[in-house]
Colleague: 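I'd like to ask you about the structure that follows.
Here is the naming used below: chain letters follow the sequence lines, and residue numbers restart at 1 for every chain.
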Amino acid sequence: MNREYTAAGRWEGRLTRRPLPTSDPSLDALSAQDRGRLASIWLGRAAMERRVADAFLVVRAALVRRGAPSQLVDLAARAVDDEYRHTELSRLVASRMAGRELGLPQRLQLEVPRHEGASPELRDTLFIVGQCVLNETTASAFLECCLEHARGILVKSALRELLSDEIDHGRIGWAHLASVDPGTRKEVARWLLPMAFLNLRVWRQYTPLDAPESDALSAHGSPPGRVIDAALVGALTDLIVPGLRELGMPTAPLDAWIESGAGTEEPPIELLEL
Amino acid sequence: MASKLGPTIVTMGIALGTTGCFGRTSADGDPGDDALGWGFDGDPDAAVDHGPREERSPSHPMGGPEPDVVPPEDTLVAAFCDATWPPTKGSPEPETPMCIDPGGECVGAPLPNRCYALLAEDTCDLTREWMDPLHCIDGEWHCPPGATSGWECVDDACESTCKRWATPDQLGLGGAAGNP
């Protein structure tokens, strides 16, 4: 297996802070169908984690260009390594679900937002805000939800490891946003509705409401779509919007969109005027 | 359930950006934090290296004048058609690769026609087809765990691996067992 994470990473080359359980009796009780389904889900997550490593390379470069504190740049560099570990951790969980060693999934292509019309400086900040304030904060809420419903000891252990790292990744964005001047924050605020809309929409594509659900899937890290969806919207209402307000950023368009149900079928263009 | 992560992510993140103060990710220690020299001794500039001031651009976030550029409305409308950062998690289906072959060992190998759910050894549920990715093992495509193509082929001779069919009970339909 081609190992990408290094000794310079968070745990000095170890995959996890604590060793994963070597066995999980609850896996033996699963049907072959549930095990196959869970293996597929976790292997898919491995592919997604690997793509996010590429995303953090972009974030790190943006922080460097913006002259961010070296500690913040280091944190973004470590996030790249974190995502390499997450890839392997998710592949490992998938293999345990499958009952045999699975190879790494094919790489997924990263498409970086264009933010056409933004200055290069603003685009950098929008990169950091989009990936960390929106995406990683949402990821933390997703993991919190999965952990709340998980019962298998292997998956609980893996989810805790993932969540502790994602918290750091979200902080990068909040720290950067807090460090910019109020004028820049005001500029960023204008872009937030389209960015939040697109981000929630893609999260919903990956966790559809009508995805198969069962107690077994919930117990091993994949709660029902409606439960996940509530967590995704909750990330906006409980974490992201309050944080933006704390930074003095206008949130009226976001508030109105969320108030109307945070729909992602049609872009809420009319709310841009608020 | 409302998220309990607000203080951990948002408040701590904002504190980091405004004061250079940084809290640990979790109460049980994070050697990486210390290695990176996070800390706060009362002087934000002592804890945070902002880099040489002359390298900051006029619109640098840590200094410079407040920008007053307001994007035109159609720019923001077009922003609804932009790409977004892809999620890190999910119960993925849309972009899950249909074939898992990182080494490219199965290029040109024949694909199984279908993958059926395997209920027990040699017992197939022909009412359920699997859509999960195929796995390349030793140069051959295999159905995902818990599924079977229903055939094992050696040279040109193919033998059914479905010795038994799922019973109505196994399918959750009740009634007497029966084979087609």
Colleague: Hey, is the main chain of Thr8(B) close enough, under 3.5 Å, to the side chain of Arg171(A) for a donor-acceptor pair?
Modeller: yes
Colleague: Highest number of heavy-atom pairs under 4.5 Å with chain B: which of Leu217(A), Thr137(A), Leu193(A), Leu232(A)?
Modeller: Leu193(A)
Colleague: So what's closer than 4.5 Å to chain A heavy atoms on Cys136(B): side chain, backbone, both or neither?
Modeller: neither
Colleague: Report the distance from atom NZ of Lys89(B) to atom CH2 of Trp203(A), rounding to the nearest 0.5 Å.
Modeller: 6.5 Å
Colleague: At what distance, to the nearest 0.5 angstrom, does CG of Leu16(B) lie from CG of Leu72(A)?
Modeller: 6.0 Å
Colleague: Between CZ of Phe197(A) and CG of Asp82(B), what distance do you get to the nearest 0.5 Å?
Modeller: 12.5 Å
Colleague: Got a second to check how far Glu116(A)'s CD is from Thr75(B)'s OG1, nearest 0.5 Å?
Modeller: 9.0 Å
Colleague: Could you tell me the separation between the CG atom of Asp74(B) and the CD1 atom of Ile269(A), rounded to the nearest 0.5 Å?
Modeller: 11.0 Å
Colleague: May I ask you to name which of Glu136(A), His169(A), Glu111(A) has the most heavy-atom pairs under 4.5 Å with chain B?
Modeller: Glu111(A)
Colleague: If I take atom OG from residue Ser3(B) and atom CD1 from residue Ile240(A), how far apart are they, to the nearest 0.5 angstrom?
Modeller: 10.0 Å
Colleague: Within a 6.0 Å radius of atom CD on Glu246(A), are there more than 12 heavy atoms belonging to other residues, nucleotides or ligands?
Modeller: yes
Colleague: Could you tell me which of Gly243(A), Pro113(A), Ala178(A), Ala98(A) has the largest number of non-hydrogen atom pairs under 4.5 Å with chain B?
Modeller: Pro113(A)
Colleague: Ignoring hydrogens and geometry, is there a side-chain-to-backbone donor-acceptor pair from Asp238(A) to Gly6(B) under 3.5 Å?
Modeller: no
